[in-house]
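Please read these numbers as outputs of a predicted model, since none were measured by experiment.
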Amino acid sequence: MTDVELMKRMLRAVLAANKSGPGVSLSRLQSEYKALTGEQIPHKQMGHASLDALLHSMPSVVCMERNRAGEMVCFASVSGETAHVAKLVARQRTSKKTGQPQMVNCQMRVKPAAPLILNGRVCVFLLLFLHGPPLVQKCLFRLSFEGYSRKGSKSTLALSSCPKPHHYPKDYNPSPGGNYNPQKVQGRIREMLNKYSNGFWVSKLPQLYKDLYKQDLPSEAIKDLEHWTHICTVEKPCSSNPNELLLYPSKPLTTPSTTTMSPRPLTTPSSSPSPPASPSTLSPDLRQKLGELLVKYSNGLWAHALPKLYLDTYKTKLPKHILENLSLLSDFCTIEYPMLDNPKRAILYKRTREEENRNRRESVEERRAREEAGRRLSTQTVPPLLIPREEYPSVLVGEAANTNGVILRYIGEGYSQAQEALEDKMREFYCCQDNNTHTGDKKSGTPLASLTSGQLAAVRTEEDEEILRAQVTEVMDDKVKVYYVDHGFSEVISKAKVFELHEKFFNLPFQATKCQLAGLEPFCQEPAVLKKFESMASGKILLAEILERGQTPLVVLYDTSQDDDVNVNAACIKALQDKTLASPLQVNSAYMNVAVRSVCSDGTIYCQLPSRGLAKLTEILEKAEAYFHSQVTSEFLVSRPFCGKGCLARYKGKWSRVEITNLHGSRVLDILFIDLGVQASVEVIELREVPPPFLRDLIAIPPQVVKCCLADVTVSGVGSWTPDAVQWVRDAVLNSTDCSVKIAKLDETKLSVAHVYLFPDKNFQDPARSLNRHNMDIYVSVACHPGHFVVQPWRDMYKLVVLMEEMILYYNKTEEKPLKGEKNQIYAAKVENNWHRVLVKGVLTNGLVSVYELDYGKHELVSGTQLRPLIQEFRQLPFQGITAQLAGVKPRQWSEEASILFRNHVEKKPLVAQLEAVQEAHHPWERKLTVFLVDTSQEERDIWVHDIMAEFADELTKEV
């Protein structure tokens, strides 16, 4: 069957199986098709520019109509091949119960064991699976496998006859030597299966392995997969293709709603009934047969495989009590428990003659002690550790071999406090045993005679200061390696320090658990990441934001000990940045072709400087743009947003790097375009994950924007620029790519701010031409003396004219009752036939009101009957009158002559103001500028007003 024919059949199945209503909307068709097949409809590969064009070319498969809402809807074209399926689905969709409704007790409904009526989708599934071609069968099998895996249950559809995987010990390695490291490959495959928990096809394993680890998968590993049952399960689906195998994680033995830690023995509850008595020895014949079987398996044999092997070899059943008491075999075989969370999964190894002779010499007391330890191991249990309910619990962070398995302990009541209380009781209990003063079982204070891997014990630390709970992980000649289950680290100690763990110390869950750091999954073993993590987190108490509450919780760690919270996950990602790709910064250096990307209200300016990193970033983002065009971008939707996560978002039509800075519920979040310095609020559906081919390269590039402020420009008062100043800078340089900067100073604090002179062009030689000298075109409306005058921004004067015309039209037509003016309130007032925006300065007893014109800076007396409310529409334009004083002259008491001279030069004239300083205040009409005034009306030269006033002051001084 050709690809086109296959696609048509699958498309018919999608359209025929639709049960939500007649037809499938065009916008939903791709997702429905992918849900059935796992792939998109390949319209481009079939020579069509759009999906719509492809569908119109197949009238025998699909017909299209517009519904009442104007949406295009697709219907299956009925043919002889699909008519019976269409009838079946239609009958299922339209069937309704009739008759009088009845009230029933619906507290519990019994599910029928085998429902007789299947829904339309399942009917089509069965028809295609049983009668379709092999490729369709494979697609449908994968669908059923993945779908049922997501629901937490195994599909029973067409799987009953599939062969089960074989069971071999985890160290079984039939492959040849060389550079092949099975343990390393096993660890990596475990990581891959943690990421793809629903499983995947074995045929895809080599490519996934190469993408993640930048190495080829050893060919021997494919052959060994079915032997690594502690890592994965390999199943062959019921398909006509014998080479297609499915790979998925080994079945967990714990529920996903609780947190477990490793290692930990989870066994049958201690409250379960005791097994019936069984023989305490083996018959010579049974012992010989078992020995013969084990000799054939020099690499070991799983204990649970022994009954079938025994039956196949000797045609008789193995006595059941053998598996219930494996210690019966201990005199001729070694018993190992490799799966620390399941002591019933044991591996049996045949002992050599030397080991058997040594075993026969052990005392009866030692033998009984070891058997007792084995029985206790199979009956004791420890409750699982539950994740704290709060969203941000405090945690003590331990060590981490990779960020997918960070050891931590929860802090607080029921966790660290309960652990401390338990260890105090253990110290008291075992110290009393040492002194023979305890009235209970005195054997608890005696070192264990026999130790088994996986056994729980009480351990005296090397410093002899603490008694801690531990689990034996390796038994040596005179020492033993233990894992402290409440602290999360291992230690090799003397066997004399290992004691029996009393049953009363089994009640508290093991406190050491593991978590996974969000956003670091692809880089979990990077040395730079682990080094940064160790310096920032190991041994510290941090705050953990729990994103997913699974067997290994997904978390974001925060260090809240400083003034600002530090996102540990984000800091570890930044450790992968290549510093040579950052923008170079040196004091007194000048840079051309600078792009100004953002101007903030506090005067912060974000600039892009030319660099090798910026060129590389531009190249990669262009490739990502082309990649998204060739893919369906909805596949890269961000499913789990969190603070500090890096992803992509659109800025002016192009994909750019962003970092999530804050979340507002589940839909809206704040982001920062890290290469532009621009902040925005967007919906989560507007974000995209970085495609895997570009992830490592994009993370290596530091943010390509420099945080700057204008040198020598002081802002007093509230610390923010005026809206006029901000807008003026934006109009002058924002998004210009032809600016220049000269670095005056570098602030080496955590803010990393560069103090710069900013030029609107490439001429950076003269600092007087920089934007730092804040040249503005102004109009002087009122001039009293050099210490007080009022200026208006020239560029907004036409807006003021329009506003006053609108106020005349509004207030002259509106008949309102006169207001009683209140001091320090803003009104509209009629002054000389014009309506002005005014501030009431005082109310006189004769009915007059003293007002200050906020746009012109004049003081007037008006009748109280001429006041009106200033509506919101007339408050939008900032007040245009700005109080100022002359720069370049010393403050003094100006004489009348000096005031007249100053007034003649500036009042009612357009001038250029060069900003020297800004004195901010709570109200905009109270702020004050310090400026130089320049008269540029003469062609031959500019007249600086402060020079005129300084010369006049000097002449007066000489005369005196």
Side-chain angles (χ1 to χ4, degrees), residues 183-184 187-188 190-191 194-195 212-214 259 261-263 385 392-411 415-416 419 461-463 466 468 470 473 481-492 510-548 552-580 582 642-646 659 695-696 699-700 702 750 752:
Q183 288 74 22
K184 183 176 181 180
R188 289 180 170 179
R190 181 185 284 113
E191 293 174 3
N194 286 339
K195 183 175 182 181
L212 289 173
Y213 302 107
K214 309 304 179 185
T259 302
M261 64 295 298
S262 177
L385 180 69
Y392 295 92
S394 295
V395 297
L396 175 61
V397 181
E399 56 190 24
N402 66 74
T403 59
N404 285 343
V406 176
I407 302 293
L408 58 80
R409 294 156 52 195
Y410 296 113
I411 304 298
Y415 296 94
S416 60
Q419 174 194 336
T461 61
E462 281 296 304
E463 293 79 12
E466 299 290 338
L468 305 178
T473 58
K481 186 176 182 180
V482 296
Y483 176 81
Y484 294 109
V485 294
D486 296 312
H487 295 267
F489 67 93
S490 298
E491 187 178 29
V492 176
F510 298 148
Q511 296 298 298
T513 185
K514 287 186 178 181
C515 72
Q516 181 178 4
L517 298 190
L520 290 166
E521 295 88 346
F523 313 103
C524 60
Q525 292 181 311
E526 290 286 340
V529 170
L530 296 178
K531 182 178 179 181
K532 187 69 173 180
F533 174 81
E534 183 179 1
S535 65
M536 293 189 65
S538 292
K540 296 183 180 180
I541 294 180
L542 304 178
L543 211 63
E545 178 186 10
I546 301 177
L547 303 179
E548 293 181 1
T552 302
L554 187 67
V555 305
V556 179
L557 295 178
Y558 295 93
D559 184 350
T560 59
S561 62
Q562 305 177 33
D563 293 337
D564 297 322
D565 294 348
V566 178
N567 187 314
V568 175
N569 298 41
C572 290
I573 280 289
K574 292 173 183 176
L576 296 171
Q577 293 176 354
D578 184 351
K579 303 303 181 184
T580 64
F642 56 87
C643 288
K645 178 179 177 59
E659 180 179 308
L695 180 59
R696 184 173 291 271
I699 285 180
K750 61 183 179 180
S752 302

Task: Verdict with supporting geometry, Leu517 and Val555, side chain to side chain contact (heavy atoms under 4.5 Å, CB included) - done: CA-CA 5 Å; Leu517 298 190; Val555 305; 3.8 Å; yes
[Y] backbone acceptor or donor facing [X] side chain under 3.5 Å:
X	Y	result
Asn569	Cys643	no
Asp486	Gln511	yes
Thr473	Lys481	yes

When rounded to the nearest 0.5 angstrom, what distance separates [atom1] in [X] from [atom2] in [Y]?
X	Y	atom1	atom2	answer
Leu408	Ile541	CG	CD1	12.0 Å
Asn404	Asn402	CG	CG	5.0 Å
Tyr415	Leu396	OH	CG	15.0 Å
Cys572	Glu526	SG	CD	12.0 Å
Leu520	Phe533	CG	CZ	9.5 Å
Ser394	Leu542	OG	CG	9.0 Å

Which atom names give the shortest non-hydrogen contact between [X] and [Y], and what distance separates them?
X	Y	value
Ile407	Gly488	CG2-CA, 3.7 Å
Ala571	Lys532	O-CG, 3.8 Å
Gln577	Ile699	CG-O, 3.4 Å
Ala537	Val397	O-CB, 3.4 Å
Ala544	Leu557	CB-CD2, 3.8 Å
Leu554	Ala518	CD1-CA, 3.6 Å

Open item on the list: Using side chain to side chain contact (heavy atoms under 4.5 Å, CB included), reason through Glu191 and Tyr213 one step at a time and then give a plain yes or no.
Closed with: CA-CA 11 Å; Glu191 293 174 3; Tyr213 302 107; 2.8 Å; yes
Can you confirm whether [X] sits close enough to [Y] that some side-chain heavy atom of one is under 4.5 Å from a side-chain heavy atom of the other?
X	Y	answer
Phe523	Leu695	yes
Gln419	His487	yes
Lys514	Val406	no

- [ ] Scan for salt bridge (Lys or Arg N to Asp or Glu O under 4.0 Å) pairs involving residues 392-406, sequence neighbours excluded, and state none if there are none.
- [x] none
TODO: Determine whether the side chains of Tyr484 and Glu466 contain a donor N or O and an acceptor N or O closer than 3.5 Å.
DONE: no
Open item on the list: Suppose the criterion is side-chain hydrogen bond (donor to acceptor under 3.5 Å, both in side chains): which pairs have a residue in residues 533-546, not counting sequence neighbours?
Closed with: Tyr392-Glu545, Glu545-Tyr558
Task: Leu212: side chain to side chain contact (heavy atoms under 4.5 Å, CB included) partners, not counting sequence neighbours - done: Met192, Lys195
